[in-house]
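See below for the structure under consideration.
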Amino acid sequence: MNQKLPYYMVYPMPLVFDDERTERMDFEYMKSLYPDIPKRILPYIEEECDRMEYENSMVYDEYPDKLQLRLMCGRACRNIEKSEKGIYEEDMGKLRDLVEVMLYQELYKRRCDNRRRHRRIY
């Protein structure tokens, strides 16, 4: 019997949302594999990123200001220093570098998510 298929079954769209969900799950899994110290300081970095995540924030500029990014890093380091005395006293210089790298990685992820949310489909 020659039965006609509905249009959506003839030309199936790729499952875009599954790709995003898979990427998000993969990213969360990789964060769960962080060693002890990065895992302990990650909430402070996410908190600083949450504070700066608003419409027209400088973190979404095409080229974010390096001074502002360093100030964000400094605020996160001060919060870590207040709350996690044992971590911060070990090696201040190396920890600041780690915080800066983790901050940039978190901002990169949020910038990608923001672009994906505001993508226009024509």
Side-chain angles (χ1 to χ4, degrees):
M1 193 174 229
N2 251 349
Q3 210 172 14
K4 291 186 177 182
L5 291 173
Y7 177 78
Y8 66 89
M9 293 180 79
V10 176
Y11 300 105
M13 282 215 27
L15 298 174
V16 176
F17 299 111
D18 276 352
D19 290 343
E20 290 175 12
R21 188 175 58 84
T22 304
E23 287 175 12
R24 188 172 39 256
M25 286 175 42
D26 193 32
F27 185 74
E28 293 300 322
Y29 174 70
M30 290 299 170
K31 284 197 311 191
S32 75
L33 297 176
Y34 283 178
D36 182 48
I37 292 176
K39 199 179 282 189
R40 285 173 59 187
I41 65 175
L42 183 62
Y44 301 100
I45 293 166
E46 289 175 339
E47 177 186 344
E48 184 61 31
C49 290
D50 289 344
R51 197 176 78 71
M52 295 300 293
E53 193 169 14
Y54 54 87
E55 193 173 334
N56 298 324
S57 172
M58 70 89 189
V59 298
Y60 298 122
D61 290 346
E62 186 173 354
Y63 297 103
D65 183 40
K66 192 169 187 171
L67 175 63
Q68 292 296 325
L69 294 175
R70 295 227 177 191
L71 290 173
M72 284 178 69
C73 180
R75 284 191 298 267
C77 285
R78 280 193 299 280
N79 290 337
I80 293 167
E81 184 179 14
K82 287 178 191 172
S83 303
E84 304 282 340
K85 298 255 186 237
I87 293 176
Y88 205 78
E89 292 169 357
E90 290 174 7
D91 197 354
M92 225 168 20
K94 289 181 182 178
L95 182 64
R96 183 172 174 87
D97 290 345
L98 176 62
V99 168
E100 196 167 347
V101 168
M102 290 176 69
L103 179 81
Y104 295 159
Q105 177 187 4
E106 184 68 23
L107 287 175
Y108 170 75
K109 178 191 148 305
R110 290 173 186 235
R111 287 167 58 97
C112 288
D113 291 347
N114 185 51
R115 276 193 292 273
R116 191 176 293 126
R117 264 194 314 272
H118 291 99
R119 187 179 299 151
R120 293 185 180 154
I121 300 175
Y122 295 100

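This structure is a prediction, so every number in the text was calculated from the model and none was measured.
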Which value, rounded to the nearest 0.5 Å, describes the distance between C77 atom SG and I45 atom CD1?
8.0 Å

Distance col, row L69:CG vs M58:CE, nearest 0.5 angstrom, shows 4.5 Å

Between C73 and V99, is there a side-chain heavy-atom distance shorter than 4.5 Å?
yes

Can you tell me how far apart CE (M72) and CG (L107) are? Round to the nearest 0.5 Å.
4.5 Å

To the closest 0.5 Å, what do you measure between SG (C49) and CD (Q105)?
10.5 Å

To the nearest 0.5 Å, atom SG of C112 lies from atom NZ of K109 at 9.5 Å

Shared hydrophobic cluster, Y34 / L103 (ILVMFWY, side-chain heavy atoms < 4.5 Å):
yes

Contacts under 3.5 angstrom, residues 26-33 side chains, donor-acceptor by atom type, not counting sequence neighbours:
{"from": "K31", "atom 1": "NZ", "to": "E46", "atom 2": "OE2", "distance (Å)": "2.8"}
{"from": "S32", "atom 1": "OG", "to": "Y29", "atom 2": "O", "distance (Å)": "2.5"}

Are Y108 and V101 joined in one hydrophobic group, where the rule is that I, L, V, M, F, W and Y side chains link up if heavy atoms are under 4.5 Å apart?
no

How close do S83 and Y44 get, counting heavy atoms only, and between which atoms?
CB-OH, 3.0 Å

Test side chain to side chain contact (heavy atoms under 4.5 Å, CB included) on M102 and L42; report intermediate values, then the result.
CA-CA 8 Å; M102 290 176 69; L42 183 62; 3.8 Å; yes

Between R51 and E47, is there a salt bridge with N-O shorter than 4.0 Å?
no

Rounded at 0.5 Å granularity, tell me how far CZ in R110 sits from CD in E53.
4.5 Å

Does P35 offer a backbone N or O that forms a donor-acceptor pair with the side chain of R40 under 3.5 Å?
no

Does any donor atom in the side chain of E100 or Y104 lie under 3.5 Å from an acceptor atom in the other side chain?
yes

Quick one: do R117 and N114 satisfy side chain to side chain contact (heavy atoms under 4.5 Å, CB included)? Show the steps, please.
CA-CA 5 Å; R117 264 194 314 272; N114 185 51; 3.5 Å; yes

I'd like to know if R116 and D113 make a salt bridge, using a cut-off of under 4.0 Å between side-chain N and carboxylate O.
yes

